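Comments concern the structure below.
What you see is a predicted model, and the numbers here were worked out from it, not measured in a lab.
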Amino acid sequence: MESRKVLLFDIDATLLKTGWAGLRALDRVFDRLYGVPEATKGIRPAGKTDPLIIREMVARCRPDLDPDREIPRVAELYVEYLAEEVEISPGFRVMPGVPELLEALSRIPHLVLGLATGNLEQGAYIKLQRAGLRSYFSFGGFGSDSENRTELVLAAIRRAKKHLKEEVPLDSVYVIGDTPRDILHGKEAGARTVAVATGGSDVEELGRYDPDFLFEDFSSTSRVVEIFL
């Protein structure tokens with residue numbers, strides 16, 4: 001029997017793009033709570049957790065407030081607005097080859113699919129639901145676990161152990177994402193890393209962070225599946 005392998009996927013620009021639905025939702029929240037329009041202007045969200053993005057926004061827009069108190073307030077309203085924005089977003093799309101890849105991986109008995117995403121847990125599943133990908137994932141690590149991406153990867157690994165009811169060696173865990181942060185924090189957690197250049201970083205930039213595997217995109221199902229066999 002082959003040993004189990006745990007594949008932890010990022011969401012945004014790895015599995016799908018929402019057409020900036022998340023930023024629009026955050027803009028609505030900050031306008032409603034603080035009277036600050038276009039609060040996400042100048043924010044660079046790639047690879048960051050939702051709580052960290054909110055912390056940066058509070059620090060910039062309302063430095064008089066305590067971010068630790070404001071993050072839960074913002075997060076609660078954010079997921080409400082996110083559901084609305086994702087539903088109507090004209091720019092929402094699934095990344096090339098992703099449905100075929102997830103279906104192929106899900107049929108291989110010793111591979112287990114999970115998430116390692118900076119999204120709040122509720123927000124993650126809102127996005128996956130519209131994409132038709134929700135059923136592939138039963139556990140993960142989320143921005144709601146920690147602002148620190150390494151910590152949410154470790155949370156995902158703990159949940160994988162609980163899900164499988166067995167130990168999960170770190171060399172059998174793969175963190176899959178589109179940003180340098182996915183690579184850096186995956187390595188810091190002790191996992192292997194798979195990078196895909198479907199976000200804001202091209203192959204050359206991602207390659208400088210030395211992922212274990214690197215793809216232009218996931219359009220070739222067989223090539224990607226092969227690395228886990």
Side-chain angles (χ1 to χ4, degrees), residues 9-93 95 115-128 130-131 140-153 175 177-186 188 195-202 205-206 208-209:
F9 284 86
D10 173 54
I11 293 179
D12 294 291
T14 298
L15 298 179
L16 57 86
K17 288 185 177 179
T18 67
W20 306 111
L23 295 185
R24 289 195 299 275
L26 283 170
D27 278 340
R28 289 174 61 187
V29 174
F30 272 69
D31 197 11
R32 176 171 164 180
L33 292 182
Y34 311 118
V36 179
E38 299 184 329
T40 61
K41 197 169 184 178
I43 293 291
R44 303 184 66 178
K48 296 176 183 175
T49 61
D50 283 348
L52 181 57
I53 294 168
I54 296 169
R55 181 178 295 279
E56 290 181 5
M57 293 174 67
V58 171
R60 192 175 68 172
C61 298
R62 290 299 306 269
D64 55 310
L65 298 177
D66 178 1
D68 289 328
R69 295 184 61 144
E70 298 306 308
I71 288 171
R73 291 183 68 212
V74 173
E76 182 178 8
L77 192 54
Y78 165 68
V79 293
E80 178 184 326
Y81 287 158
L82 179 67
E84 297 173 2
E85 293 292 342
V86 164
E87 184 64 29
I88 64 174
S89 179
F92 191 99
R93 63 190 175 98
M95 303 311 293
L115 297 166
T117 172
N119 282 275
L120 300 172
E121 183 172 4
Q122 191 175 348
Y125 288 123
I126 286 169
K127 295 176 181 182
L128 292 171
R130 176 170 175 188
F142 305 91
S144 36
D145 292 311
S146 176
E147 289 184 32
N148 181 289
R149 205 168 185 106
T150 301
E151 291 302 317
L152 71 83
V153 172
V175 171
D178 65 285
T179 73
R181 288 174 185 263
D182 293 293
I183 301 168
L184 290 170
H185 291 284
E188 193 171 81
V196 58
T198 46
S201 299
D202 59 20
E205 181 183 1
L206 291 171
R208 289 199 288 269
Y209 294 87

List the atom pairs, donor and acceptor, that lie under 3.5 Å between side-chain atoms in residues 19-27 and the rest of the protein, sequence neighbours left out.
residue	atom	partner	partner atom	Å
R24	NE	E85	OE1	3.0
R24	NH1	G19	O	2.6
R24	NH2	G19	O	3.4
R24	NH2	S89	OG	3.2
D27	OD1	A39	N	2.9
D27	OD1	T40	N	2.8
D27	OD1	T40	OG1	3.0
D27	OD2	T40	OG1	3.1

Solution key, residues 70-80 side-chain donor-acceptor pairs under 3.5 Å, sequence neighbours excluded:
residue	atom	partner	partner atom	Å
E70	OE1	Y34	OH	2.6
E70	OE1	R73	NH1	2.8

Item checked: Set of residues satisfying salt bridge (Lys or Arg N to Asp or Glu O under 4.0 Å) with respect to E87, sequence neighbours excluded -> none

Notebook entry, point to check: Partners of F92 by ring pair (Phe, Tyr, Trp, His ring centres under 6.0 Å), sequence neighbours excluded?
Noted result: none

Next item on the list: For the residue pair P67 and I54, establish whether any side-chain heavy-atom pair is separated by less than 4.5 Å.
Entry: no

Notebook entry, point to check: Which heavy atom in N119 sits nearest to a heavy atom in D12, and how many Å separate them?
Noted result: ND2-OD2, 2.8 Å

Next item on the list: Tell me, please, which residues at least two apart from D66 pass salt bridge (Lys or Arg N to Asp or Glu O under 4.0 Å).
Entry: none

Next item on the list: Tell me, please, which residues at least two apart from T150 pass side-chain contact (heavy atoms from CB on, under 4.5 Å).
Entry: N148, L154, H185, E188, A189

Item checked: Minimum-distance pair of heavy atoms, taken over all atoms of L16 and A131 -> CD2-CB, 3.7 Å

Notebook entry, point to check: Ignoring hydrogens and geometry, is there a side-chain-to-backbone donor-acceptor pair from S144 to E121 under 3.5 Å?
Noted result: yes

Next item on the list: Please step through side chain to side chain contact (heavy atoms under 4.5 Å, CB included) for the pair L115 and L128, ending with a clear verdict.
Entry: CA-CA 11 Å; L115 297 166; L128 292 171; 3.8 Å; yes

Next item on the list: Sequence neighbours left out, what pairs pass salt bridge (charged side-chain N to carboxylate O under 4.0 Å, His left out) with at least one residue falling in residues 140-152?
Entry: D10-R149, R55-E147, D145-R159, R149-D182

Next item on the list: Work out which heavy atom in I53 is nearest to a heavy atom in P45; give both atom names and the distance.
Entry: CD1-CB, 3.6 Å

Note to self: Show me the pairs that pass salt bridge (charged side-chain N to carboxylate O under 4.0 Å, His left out) and involve residues 34-48, at least two apart or across chains.
What the structure shows: K48-E56

Next item on the list: Can you sort out the partners of A116 under side-chain contact (heavy atoms from CB on, under 4.5 Å), two or more places apart, ordered by chain and number?
Entry: L8, L152, V153

Next item on the list: Check whether any side-chain heavy atom of I43 lies under 4.5 Å from a side-chain heavy atom of R60, and answer yes or no.
Entry: yes

Checklist line | Where at least one partner belongs to residues 39-77, residue pairs that pass ring-ring contact (aromatic ring centres under 6.0 Å, His included), sequence neighbours excluded | finding: none

Note to self: I'd like to know if the side chain of D50 reaches the main chain of L120, judged simply by a donor and an acceptor atom lying under 3.5 Å from each other, with no hydrogens or angles considered.
What the structure shows: yes

Check: Of all residues at least two apart in sequence or in a different chain, which pass the side-chain contact (heavy atoms from CB on, under 4.5 Å) check with A13?
Finding: K17, D178

Item checked: Contact check, side chains of F142 and I11, non-hydrogen atoms, under 4.5 Å -> no

Next item on the list: Work out which heavy atom in V36 is nearest to a heavy atom in C61; give both atom names and the distance.
Entry: CG1-SG, 3.9 Å

Check: What pairs with R208 under side-chain contact (heavy atoms from CB on, under 4.5 Å), at least two apart in sequence or on another chain?
Finding: E204, E205

